[in-house]
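The structure presented is a predicted model; accordingly, all values stated were derived computationally and were not measured. We name chains A, B, ... by the order of the sequence lines, and we start the count at 1 in each one.
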Amino acid sequence: MMNHVIKLLQRMLTSCLVLLTVAVVSYWVLGLISPQQTLHMDLGQYLGRLLEGDFGRSQFYHEPNLHVILQKLPATFELVLVASILVALLALPLGFYTAIVPQHKLARGVMAFSLLGISVPVFLTGSLMVFLFAVELNWLPAFGRGQVIRLGFWDSGLLSVSGWQHIIMPAVALSLAMLPLFLRLLRAELMQVMNSNPVRFAQAMGIAPWRIWLSYGLRNAILPIITMASLQLGTTMAYTLVAESLFQWPGVGTLFMQAIVRSDGSLVAAYLILVSAMFLLFSALADLAYGLFNPYLSPWLRDQGVASKSGLKAP
Amino acid sequence: MNTSRYHGHYVWRRYRRNQLWLQLKTNKVVLVSSIVLLLLTILALLAPWISPFDPTNLQQQNIMDAELPPFWHGQSDSRFVLGTDGLGRDLLSSILYGLRTSLWVGFWAVAVQFTIGTLLGLSSGYFGGWIDRMVMGMADFQLTFSSLMLAILVLAITQAALGAQDYHTWSPWLLILVLGIADWPQYARTVRASVLAEKHKDYVLAAQVLGYRSRHIMLSHILPNTLSPLLVIASLQVAYVILAEAALSFLGIGMPYANPSLGGLIGSGFEYMLSGLWWIALLPGLALVLLLLSINLIADWLRDALDPKNIGQRP
Amino acid sequence: MSKPLLTVSDLHVSFMSRWQHEPNVDVLRGVNLQVRRGERVALVGESGAGKSLLATSIIQLFESSAHILKGRVEFERQELTQLNSKQLRQIRGRRIGMIFQDPMTNLNPSLTIEQQLLQCILSHRNISRKEAHIVALHKLRQVHIPAPETRMQQYPHQLSAGQRQRATIAMALALEPALIIADEPTSALDVTMQAEVMRLLSHLCNNNGVALLIISHDLSLVAHASDRCLIMYAGQIVEQGPTKMLINDAQHPYTQGLIKALPNMSSPGQQLYQIPGQMPQLQELQQQCSFAKRCEHAEDICYRQAPLMAPHGTHQASCHILARPAELDPDTELTL
C-alpha cells in the first residue's frame, strides 16, 4: 500500500514538474510572440496568475483564454470520439481476422490496404473526399460543424442531422489515417499472442478455436490496445489538428493555427499549457487502465510509463 | 561465449551472401517498389536539369498561364504537360522539385535522428545509472508525445515569433533539425537493448576481469547486431519524416511557398479543388503517395526479411 | 503383450526453408515408435534432435512452416494424420494430454487456475460447472497442491514455480487421457524439484493406468521414471530398449557417449566426457549414418549407407559397426 502511495506521489510530482517546465516555456513563447505582454509581468507573476487559474486574455477575441479554449473543446472532443469509435469498430474485427488467417488472400488484401493507408496522409484523403463528396457529388458539406445544440456548457453537434452530415467526412478521414497504425499494431500483437505458449497449450488441450481467440486473444490483447492508444495519443492530436485545419472544423486545433497566424501570443501560451495538461491527464488515465486490466500489476505500480512496456510506435 | 562472437560474423555473412538481393529478385512487389523509388530518386536528383521550368524563378511565371489542365484534357497547353497551378507555375516542374525537397528533408532528418539516437542509446546502455534513467524517461515521453505534434508546436510558434517572411528563410533547416531531434527514441532503445544484452556476456566480463578495455570489443559486437533493426527503423522513419514534412508544409508552417514541396502544393491546390481544378492538389498527392508507398513497402519487407524470428516463413 | 496404444511409423516431417532457393530441412527422418497402454516411455536426445517436433507431430499441432512428408501416426486405432481439426480436438486434451517445454509459461496469465481447468474440462465433457469444479479440485489434490481451494481462485503469477508446474500436470490429467506427452516437463525447475515432479508424474500415470511419453535431454532424470527408453539422434531413433538394459548395456556409440557424459558420483573430480563435434546440419544427411562424423569407430560403410534398426545385445540399435563380429571394447563398466 505504501508503495502505491509513493508511486502515486512520484507520478504527481513528475507531472507537476513537466507542467512547470511547460509554463516557463509558455512564458518565453509569450515573450517571443507578443513582447509587450511580458513587458510588465515577470515570470513569477505569470506563474502566480496561472496558479490562480488566470490564463490571460486573448488579444483577438478580447475574452479570457480559458473561456475561448473551453468553448472550442467540445468540437474537437466529438470529432476524436467519433473517429475513435470508427477505428475501434474496424480495427478489432480486421485485426483478429488478419491475425487468424494471415495467409488468406483477403487478409493479405487488408494488410496491403493498410500499408496504402499509412502512405496516404490525412490531408490527402480529406482533400479527395472533399472533391468527391462535396464538389462533384454535392452530398456532404465541405466545411464547418453544422447546427450546434447547446447542452449546458457543452455545444454538441451530434444531436442534429446537419451536425452528423458535417462530422462524417472529417471523422472518416481521421479514422482512415489512424486505422492502419492501430490495425497493424493490433495484428502484430495478436499474432504474437496466438503463437505464445499458453495458446499452444490450450490448442493441445483441445479447446475450441473461437474460445481461444476470445479468452486468450482478446483478453491478452487488451493491454497492448491500451498501450497503443496511449502511444498514439500525440499522433492522434497531430492528425486531428491537420484534419481540423483542412475541414475548417471549429475546434482547438484550428483555434491554435489561427492564433499563430494572428500572432495571438497569449492564446498560444494558454493553449500550450492546456494541451500539455490534457496530454498528461490522458496518459495517466491510460496508465491507470493498464494497471486495472493487468493481473500482474496493480495500478501505478510500475517503474516506467506505458510506453516502456512495448517498443511499439507508429511508423 | 562462442555464440555471441559467431553471431557478429553471422550478420555480416548474411549481408555478404546477398540473400536479400536474391529475395528481392523473387519478390515482385518489392522489386517494383525498388524500381519506382529508384526512378523517383533519380528524377528528384536531376530536377534542376530535366524539369522544363524553374519553379523558384519568378521570371518564368506568368499569371496568364494559370490553372491550365494536364495533357489529356482538351484545353491543355503543350508547354505544361501536367498543367499549371493558380500562379501559372508548371506543375511537373513543381512536383519534381517537391520530390527533391521531400527526399532531401527525409534523408537529412533521418541522418540526424540516427546519430542522436545511436549516441544516446550507446551512452544510456554503457554508463547505466542516472544517465540511463534520464535518457529512457525522456524517450518514453518523446515517444508518446509524437514528433509530428512537437514539430507542429515548435515550428508554428517559431513562425509566429519571427513573422512569416523571416521564418521562411530558416524553415528548411529548422524542419530538418526539429524532425531530426524529435524522433530519436526508437534508435536509442534498440541500441541500448543490445548494449545491455552484450554487457553481461561472458567475454565482456572476462575482458574486464583481465583488465582489458571492453569498450572496443563491445562496440565491434554491438554494431553488427543492431545494424539490421536500425536499418529497418531508419527506412520506416524516412517515410514518416517525409509524411511529417508534407503535413507541416500543408499547414503552411513547413517549407516556404517559393520552395515547392509536395505538402505545400497539395495545400495550395486544395483551394482550387473547390472550383473543380483537382489536378493542382491531386497530382502532387499522387507523387507523394507513390514515394511513401514504395518506401513503406521496402521497409516492411526489410523488417520481415531481416527479422531472425521469422525463420521458416517466407516473407 | 497388449496392443500398442500409439504407433508412429516411418514419420518424416520437414520444415520449409526461409528462402526459396534453399532446400527444405527434414527434421524427422523416418521415426518409428510404439507406446503401449500404461507404459512409461522415455525419449532422450540432445537439443535439436527433433524430440519436440515429434511430440507436436503426434497430436498434429505444427508450426505453420512444418509439414508431414510421409508416415503414419496411429492412436487408439485412429490414423491421426487423416483426421480433420474437429476430430483432432476430440483427441487433444481428452485422449492425449500434453505438457510442453517450460510448463511455467503454459498457463494463461489472465485467467485463474479454476477458469483454465474448467475450460479444459467443459470443452470435452458435458457436465455442470459444479461437477467440473469437483473434478478440478480432485485433480489439484492429486498433484499435491497445498490448499487447492484457495489456489484455484488465484492467477498463475501468484503461484510458485513448482505449483504452476503441478497445475499444468493437473490440467493434462484432468480428462483422464490414455496418454500424456511431457516435453521436458522439468526444464525450468531446480534440481531437487525436478526429481520430485518427475516422480509425481510417473506415479500418477502408473496409478491411473495412463501411458507416459516423456521427452528429455537428461538420461539420468528419466532413468527411474520410465520402463522403456528411446535414444534419438538427428531425427532418427538410434537405440531402443528397456531402460535398465539400455543403460547397463548400451550398444550404439552415441548412447555410450551419452552415458559416459553423465557425472559420476563414485569418482568425483574427474573431468566429464564430451562427445566430440556437433550435431550435423540436417540437409547434409542423405545416405549415411547420421552419427558417423562424430563416431570414434566410423568406417567407410558408415558414410555410404544409413544403418537399420536391428537387435543387438539385450535390445535394438541401428549401427553398422555392431553388425560386425569385431567387438567394440566396452572399456568401462557402465552402471547408474
> Using a cut-off of under 4.5 Å for heavy-atom pairs, which of A/F256, A/Y271, A/F279 has the most such pairs with chain B?
Replying inline: A/F279
> Taking A/S276, A/S245, A/G234 one by one, which has the highest count of heavy-atom pairs under 4.5 Å against chain B?
Replying inline: A/G234
>> If you compare all heavy atoms of B/A161 against all heavy atoms of A/L32, which two are closest, and at what distance to 0.1 Å?
In response: CB-CB, 3.8 Å
>> Quick check: closest heavy atoms across B/L292 and A/S119, and the distance to 0.1 Å?
In response: CD1-O, 3.2 Å
Portion of [X] that has a non-hydrogen atom of chain B nearer than 4.5 angstrom:
| X | result |
| --- | --- |
| A/V122 | neither |
| A/L246 | both |
| A/M257 | side chain |
| A/F143 | side chain |
| A/V120 | both |
| A/V242 | both |
| A/S127 | both |

Residue [X] versus chain A: region with a heavy atom under 4.5 Å:
| X | answer |
| --- | --- |
| B/I233 | neither |
| B/A239 | neither |
| B/L148 | both |

>> Please rank B/I295, B/L290, B/L274, B/I253 by heavy-atom pairs under 4.5 Å with chain A and give me the top one.
In response: B/L274
> Looking at B/A244, B/S294, B/A160, B/G285, which one has more heavy-atom pairs under 4.5 Å with chain A than the rest?
Replying inline: B/A160
Nearest 0.5 angstrom please: [X] [atom1] to [Y] [atom2], how far?
| X | Y | atom1 | atom2 | answer |
| --- | --- | --- | --- | --- |
| B/N296 | A/L116 | CG | CG | 10.0 Å |
| B/W278 | A/L128 | CH2 | CG | 10.5 Å |
| B/D300 | A/M111 | CG | CE | 8.0 Å |
| B/L251 | A/L241 | CG | CG | 6.0 Å |

> Yes or no on side chain to side chain contact (heavy atoms under 4.5 Å, CB included) for B/M273 and A/V135, after CA distance, side-chain angles and deciding distance?
Replying inline: CA-CA 8 Å; B/M273 203 177 238; A/V135 178; 5.5 Å; no
>> Can you confirm whether more than 12 heavy atoms, excluding those of A/F282, are under 6.0 Å from its CZ atom?
In response: no
>> Looking at A/M278, I want to see if its CE is surrounded by more than 12 non-hydrogen atoms of other residues, nucleotides or ligands under 6.0 Å.
In response: yes
>> Between A/L124 and B/L282, is the side chain to side chain contact (heavy atoms under 4.5 Å, CB included) condition met? List the steps.
In response: CA-CA 8 Å; A/L124 196 59; B/L282 291 191; 4.2 Å; yes
>> Does the plane of the ring in A/F123 sit parallel, tilted or perpendicular to the ring in B/F250? Use 30° and 60° as the thresholds.
In response: parallel
